[in-house]
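Okay, so here's the structure we're looking at.
Read the numbers this way: they start at 1 and go in the same order the structure lists the ligands and their atoms. The basis for the numbers below is simple: all heavy atoms, side chains too, and nothing from hydrogens, waters or symmetry mates.
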Amino acid sequence: MARLKVGVLISGRGSNLQALLDACGDPAFPAEIALVLSNVAGAHGLDRASAAGVATQVIDHKEFPSREAFDAEMDRALRAAGIELVCLAGFMRLLSVGFVESWQGRMINIHPSLLPAFKGLRTHAQALAAGVKLHGCTVHYVTPALDDGPIIAQAAVPVLAGDSEEDLAARVLAVEHRLYPLALKVIAEGKAYSADPKLSLLNPSV
Ligand code: GRF
């Protein structure tokens, strides 16, 4: 069976990338990472990819006159590598509408909250401030609105009395590392459900 060719976009630490690399290291896993792209030179995730023998490329957004020009360069790199699905994994740039639309149904993100709660940044601080007892992470399709696309999978963790933002972040991150490979597997096997057929391009049978 041909494995789904995945491109991962990162900006930093790359612990979710590592979870995906580990999963894809199993030849029986239905996806393979063909390219890791970073907008930040020296991002730790680039070392993780190289250690796993995966091709990397740095495209520095500061070298482009506009968001659209930067996104166009990423698009070229992804298509040149034959990428079929893009995984955002701690990629800290907003994407232009044109880029998102051209990958719609073929681009997913992991967000550290139980969406639709707590979009944007500082999600663990938001959860603590709201006093919720359950928090977690979400893998979703990327649409032009931030952290808003159809949900593919979620994992929940308890919020415990006395939790700091760091305590909660660590508890959520541990489940992110389990959820992202699981969601990727479900998509690569054509079993991810979305009510919107435009967002299920990899799942024509659904
Ligand atoms: C993770 O918390 C992820 O949910 C969010 O950015 C963080 C990236 O961490 N989108 P890492 O680079 O994968 O370690």
Side-chain angles (χ1 to χ4, degrees), residues 6-25 31 33 35-52 54 56-61 71 74 85-95 99-100 103 106-130 132 134-159 163-187:
V6 173
V8 184
L9 269 49
I10 62 163
S11 298
R13 168 178 71 173
S15 69
N16 277 289
L17 165 66
Q18 187 67 58
L20 297 175
L21 288 167
D22 291 346
C24 293
I33 300 178
L35 180 63
V36 172
L37 274 184
S38 173
N39 66 311
V40 177
H44 183 48
L46 291 167
D47 300 331
R48 297 177 187 269
S50 300
V54 169
T56 64
Q57 195 171 333
V58 174
I59 302 178
D60 184 345
H61 60 277
D71 287 0
M74 286 205 302
L85 178 79
V86 175
C87 293
L88 305 182
F91 184 69
M92 302 305 287
R93 299 286 306 164
L94 292 174
L95 296 164
F99 181 86
V100 171
W103 286 93
R106 295 177 181 273
M107 179 156 59
I108 63 176
N109 179 43
I110 187 157
H111 179 77
S113 77
L114 293 173
L115 290 172
F118 313 135
K119 296 178 179 180
L121 299 174
R122 302 280 312 271
T123 56
H124 310 303
Q126 291 187 55
L128 289 173
V132 295
L134 271 183
H135 184 43
C137 58
T138 303
V139 177
H140 64 96
Y141 287 106
V142 177
T143 56
L146 184 69
D147 302 329
D148 195 54
I151 291 169
I152 299 160
Q154 293 184 303
V157 299
V159 181
D163 266 351
S164 66
E165 196 178 337
E166 292 72 30
D167 295 334
L168 195 50
R171 197 174 305 126
V172 171
L173 193 63
V175 293
E176 289 184 42
H177 296 161
R178 290 166 56 198
L179 188 70
Y180 214 178
L182 184 69
L184 175 57
K185 181 170 189 283
V186 166
I187 290 175

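Across A89 and V8, no two heavy atoms sit closer than the pair CB-CG1, 3.8 Å. A pairwise comparison of heavy atoms in M92 and S11 identifies N-OG, 2.8 Å as the closest pair. Considering all non-hydrogen atoms of both residues, E176 and P112 come closest at OE2-CB, 3.5 Å.
The N/O atoms of G12, backbone and side chain alike, include none that comes under 3.5 Å of an N/O atom in ligand 1. In terms of polar-atom proximity, N109 is not counted as a contact of ligand 1, lacking any N or O under 3.5 Å from an N or O of the ligand. Inclusion of E176 in the set of residues having an N or O under 3.5 Å from an N or O of ligand 1 is warranted. Considering backbone and side-chain N/O of I110, one or more are found under 3.5 Å from N/O of ligand 1.
Evaluation of the salt bridge (Lys or Arg N to Asp or Glu O under 4.0 Å) rule for D167 yields no partner, not counting sequence neighbours.
For atom 13 (O) of ligand 1, the nearest protein heavy atom (residue, atom name, distance) is N16 N, 2.8 Å. Scanning the protein for heavy atoms near atom 9 (O) of ligand 1, the closest one is R13 NH2, 3.1 Å. Among all protein heavy atoms, the one lying closest to atom 12 (O) of ligand 1 is G14 N, 2.8 Å. Among protein heavy atoms, the minimum distance from atom 11 (P) of ligand 1 is reached at S15 N, 3.4 Å.
Judged purely by distance below 3.5 Å, without hydrogens or angles, the side chains of H140 and H111 never pair a donor atom with an acceptor atom.
Using a distance-only test at 3.5 Å, with no hydrogens or angles considered, a donor-acceptor pair links the side chain of R48 to the main chain of R13. Checked by atom type and distance alone, the side chain of S113 never pairs as donor or acceptor with a backbone atom of T123 at under 3.5 Å.
Contact atoms of ligand 1 toward G90: 6 (O), 8 (C), 10 (N) (distance under 4.0 Å to a heavy atom of the residue).
Judged by the shortest distance from any of its heavy atoms, C137 lies outside the 4.0 Å radius around the atoms of ligand 1.
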